[in-house]
Amino acid sequence: MERTLIGDVKAKIGETVKVQGWLQKLRDQKSMQFLILRDRTGLVQAAFWKKGDLELAEKISTLGTESALTVTGKVVENASVKLGGLEIQLETITVENNAEAPLPFEPFSSEALPALDFRQDWRYMDLRRTQNLLLFQAQTTLEMAMREYWTQNGFIEIHSPKIMGSPSESGAELFELTYFDRKAYLAQSPQFYKQMAMAAGFERVFEVGPVFRADPSFTSRHMTEFTGLDMEMSWIDSHEDVMSFLENWLAYAFQRVKDEHGEQIQEQFGKEMAVPSVPFPRVTMDEALNILAEVGYELPAEKKGDLDPGGERAVARYVKEKYDHDFVFLIDWPISVRPFYHMRHPDNPELTRSFDLIAGGLEITTGAQREHRYDVLRSQALEAGLSLEMTQYYLDFFRYGCPPHGGFGMGLSRLLMVMLGIENIRETVFLFRGPNRLNP
RNA sequence: GGGGGCGUGGUGUAGUUGGUUCAACAUGCGGCCCUGUCAAGGCCGAGAUCGCGGGUUCGAGUCCCGUCGUCCCCGCCA
């Protein structure tokens with residue numbers, strides 16, 4: 001017999017079906033047993049009259065909650081069943097994998113959930129929760145929509161290596177590894193390779209892939225390994241072209257998620273899925289500092305030209321009040337707080353053509369127009385104190401016809417935090433990796 | 001790297017002017033009961049010596065020190 005998904009059972013009233021799923025709840029009474037079964041499409045009740053087969057009844061009684069079962073039976077309408085007004089009259093049951101009792105914790109309890117750290121130890125149990133299933137379904141839709149938008153706009157997908165022979169940017173936050181008889185590093189950004197693709201004439205590329213950061217950061221928004229959404233595009237006039245692409249791409253993807261999962265997201269996360277209007281507000285760093293002064297936020301003295309997370313949140317609040325927008329581009333950052341490859345303003349060499357995207361007060365993206373002129377780039381690298389020895393292979397990208405270009409990198413999980421209103425990044429990722437978390 | 005919070009049965013919590021509650025409640029688990037239940041209900045039961053080590057005290061889950069674990073903030077970033 002073909003398996004029927006639980007969500008499709010209502011279309012099979014009067015028929016005998018086979019359903020497969022987990023035993024969410026067993027109500028074992030004197031004369032009857034009720035089994036609430038769950039698969040990825042929903043819940044259904046299976047009912048069994050004990051006297052029909054006492055041996056089978058005994059077997060059912062021993063089932064542990066969350067056991068993996070195959071059940072067959074006839075689907076009947078029954079208005080008194082609160083779960084969809086129907087039930088399956090259980091005929092056979094196969095225990096594919098019994099669940100030991102007690103469970104480490106009850107994923108479907110109405111009581112408080114265990115602490116996040118404990119749930120991470122039993123992540124596969126935690127992932128059984130409806131909310132988590134939805135999160136990864138929404139993530140799938142989100143990524144699919146992003147790819148759709150990219151490919152419809154002429155982008156090529158690349159997969160750059162994650163093992164590197166030399167540091168790609170600063171070097172301070174790199175994981176080092178033994179590579180046969182020498183040292184190698186885990187990529188903390190596909191930055192240089194995206195740009196190589198520009199030098200290769202691909203014109204527009206994107207990459208969705210792992211990024212590694214050896215930061216000993218213990219916050220609710222950092223991970224040592226995360227999925228980066230990166231893109232790079234050629235023949236731009238300025239960083240404005242990149243931002244303009246980004247906002248339309250993001251609005252498109254959010255709209256798709258809303259269409260597909262908006263109702264469920266409202267149900268499970270208690271959050272109205274908000275598709276941002278385009279264009280997003282843009283605030284120059286100069287203006288941002290004025291805003292902070294206006295709202296009375298005091299920036300630590302040593303931050304000159306930069307914003308701390310509190311400052312970013314303050315600006316985001318201001319933008320929310322003034323423009324009713326959850327997103328804001330902070331643009332035109334001073335060179336002192338930006339990497340050497342960001343292009344500088346022709347009319348103000350102290351400022352870069354760069355931007356951060358702040359969403360819900362959280363920094364989710366950094367982007368810029370890149371410096372593509374070899375001599376300028378080389379001198380900026382030297383100015384930044386980088387050794388040409390380490391960066392020459394990168395500088396070489398710009399020697400034989402590299403077009404003007406720019407792009408950005410976005411943290412997938414941070415985006416999900418914002419999209420679904422989740423406080424801790426560890427809740428948004430299949431398996432979290434942090435300074436103290438290497439398992440499971 | 002700096003700062004702060006927390007650590008009680010499987011899980012979530014209560015218990016902190018230290019002593020007659022050195023252990024409670026919920027949930028889960030086991031047993032029994034029960035008009036077809038449906039956040040099911042009722043009764044009974046097992047389960048923590050209060051992260052670990054040391055100290056103060058006549059006496060500490062409750063105070064102090066150390067240690068380990070964990071969480072959050074800052075730094076850093078996505």
Side-chain angles (χ1 to χ4, degrees), chain A residues 24-36 43-50 61-62 64-66 76 78-87 89 99-122 125-126 169-170 172-173 188-191 209-230 299-300 302-303 306-313 337-339 356-359 362-367 408-418 423-426 428-429 434-437:
Chain A
Q24 183 154 327
K25 190 77 188 175
L26 171 64
R27 298 199 184 93
D28 198 351
Q29 301 194 100
K30 185 175 193 182
S31 58
M32 293 203 66
Q33 291 166 321
F34 299 96
L35 298 81
I36 307 302
L43 297 171
V44 72
Q45 169 170 296
F48 186 65
W49 280 264
K50 286 177 154 180
S61 287
T62 65
T65 305
E66 287 298 309
V76 297
N78 184 339
S80 66
V81 178
K82 292 179 183 174
L83 193 56
L86 55 79
E87 69 184 2
Q89 295 178 332
E100 294 173 30
L103 297 165
F105 74 99
E106 303 87 54
F108 293 92
S109 166
S110 53
E111 305 289 310
L113 283 170
L116 179 54
D117 188 59
F118 181 84
R119 281 185 285 128
Q120 286 181 89
D121 288 337
W122 296 95
M125 291 300 296
D126 193 35
E169 289 188 43
S170 66
E173 53 197 15
Q188 32 84 292
S189 159
Q191 183 58 37
V211 176
F212 304 91
R213 301 280 166 88
D215 293 322
S217 293
F218 299 93
T219 76
S220 55
R221 59 184 186 281
H222 284 88
M223 304 192 275
T224 50
E225 175 179 352
F226 63 92
T227 300
L229 305 167
D230 273 89
L299 213 50
E302 72 277 9
K303 296 296 292 186
D306 201 356
L307 289 189
D308 62 345
E312 287 175 349
R313 288 189 287 268
V337 296
R338 290 308 220 192
D356 274 11
L357 179 60
I358 310 298
L362 183 66
E363 184 178 331
I364 64 170
T365 295
T366 296
F408 66 82
M410 181 181 286
L412 173 61
S413 289
R414 285 194 175 179
L415 183 62
L416 284 169
M417 288 173 75
V418 171
E423 290 298 319
N424 194 312
I425 203 164
R426 293 161 215 192
T428 69
V429 70
N436 293 334
R437 176 57 73 168

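So you know, we letter chains A, B, ... as the sequences are listed, proteins then strands, and number each from 1.
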Decide side chain to side chain contact (heavy atoms under 4.5 Å, CB included) for A:Met223 and A:Arg437; before the verdict, give the C-alpha distance in whole Å, the side-chain angles of both, and the deciding distance to 0.1 Å.
CA-CA 10 Å; A:Met223 304 192 275; A:Arg437 176 57 73 168; over 6 Å; no

Criterion side chain to side chain contact (heavy atoms under 4.5 Å, CB included) on A:Phe34 and A:Asp28, from CA distance to verdict:
CA-CA 6 Å; A:Phe34 299 96; A:Asp28 198 351; over 6 Å; no

Could you walk me through whether A:Asp126 and A:Phe105 pass the side chain to side chain contact (heavy atoms under 4.5 Å, CB included) check?
CA-CA 9 Å; A:Asp126 193 35; A:Phe105 74 99; 3.9 Å; yes

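Put simply, CG on A:Asp28 is 15 Å from C1' on B:C29, counting in whole angstrom units. The CZ-C1' distance, from A:Arg338 to B:A78, rounds to 12 Å in whole Å. Separating the CZ atom of A:Phe226 from the P atom of B:A78 is a distance of 7 Å, rounded to the nearest angstrom.
Residue whose closest nucleotide on RNA chain B sits further toward the 5' end, between A:Ile36 and A:Gly411: A:Ile36. Residues A:Ala101 and A:Glu87 each lie close to RNA chain B; by heavy-atom proximity, the contact nearer the 5' end of the strand is made by A:Ala101.
Using a 4.0 Å cut-off, no side-chain N or O of A:Arg213 falls inside it from OP1 or OP2 of B:G75. Taking 4.0 angstrom as the limit, A:Arg119 places none of its side-chain polar atoms (N or O) nearer than this to OP1 or OP2 of B:G12. For the OP1/OP2 pair of B:C71 and a distance below 4.0 Å, the side-chain nitrogens and oxygens of A:Asn424 include no atom meeting the criterion. For the OP1/OP2 pair of B:G36 and a distance below 4.0 Å, the side-chain nitrogens and oxygens of A:Ser31 include at least one atom meeting the criterion. Close to B:C73, at under 4.0 Å from its OP1 or OP2, lies a side-chain N or O of A:Ser220. OP1 or OP2 of B:C72 lies within a sub-4.0 Å distance of a side-chain N or O belonging to A:Arg426. Of the side-chain N and O atoms in A:Ser109, none sit less than 4.0 angstrom from OP1 or OP2 of B:A26. In this model, the phosphate group of B:U37 is not approached by any side-chain N or O of A:Lys50 to a distance below 4.0 Å at OP1 or OP2. For B:C38, neither phosphate oxygen OP1 nor OP2 lies less than 4.0 angstrom from any side-chain nitrogen or oxygen of A:Lys82.
Residue contacts shown for A:Gly409 are limited to sugar-phosphate atoms, with no base heavy atom under 4.0 Å away. Residue contacts shown for A:Gln33 are absent, as no nucleic acid heavy atom lies under 4.0 Å away. Contacts of A:Ala115 with the nucleic acid, taken as non-hydrogen atoms under 4.0 Å apart, involve only primed sugar atoms and P, OP1 or OP2. Nucleic acid contact for A:Leu113: sugar-phosphate only, since backbone atoms but no base atoms lie under 4.0 Å from a heavy atom of the residue. Counting any heavy atom pair closer than 4.0 Å across all strands shown, A:Thr366 reaches sugar-phosphate atoms only and no base atom.
Contact annotation: side chain of A:Arg414 to base of B:C77, donor-acceptor pair present below 3.5 Å. You'll find a donor-acceptor pair under 3.5 Å spanning the side chain of A:Ser217 and the base of B:C76, going by distance alone.
The CD1 atom of A:Ile36 lies 9.5 Å from the CG atom of A:Leu26; values are rounded to the nearest 0.5 Å.
Nucleotides B:G19 and B:U62 are separated by 11 Å at their C1' atoms, to the nearest Å. Taking atom C1' on both B:A23 and B:U13, the two are 13 Å apart, rounded to the nearest angstrom. For B:A39 and B:A26, the C1' atoms lie 14 Å apart once the distance is rounded to whole Å. Atom name P, nucleotides B:C63 and B:G28: the rounded distance is 33 Å, in whole Å. For B:C34 and B:C43, the C1' atoms lie 11 Å apart once the distance is rounded to whole Å. Taking atom P on both nucleotides, B:U70 is separated from B:A24 by 30 Å, rounded to a whole Å. B:G10 and B:G2 are spaced 34 Å apart, taking the P atom of each and rounding to whole Å. Rounded to whole Å, the separation between the P atoms of B:C65 and B:C71 comes to 24 Å.
Stacking is not found between A:Phe105 and the pyrimidine-like six-membered ring of the B:U11 base under the 5.5 Å centre-distance and 30° plane-angle cut-offs.
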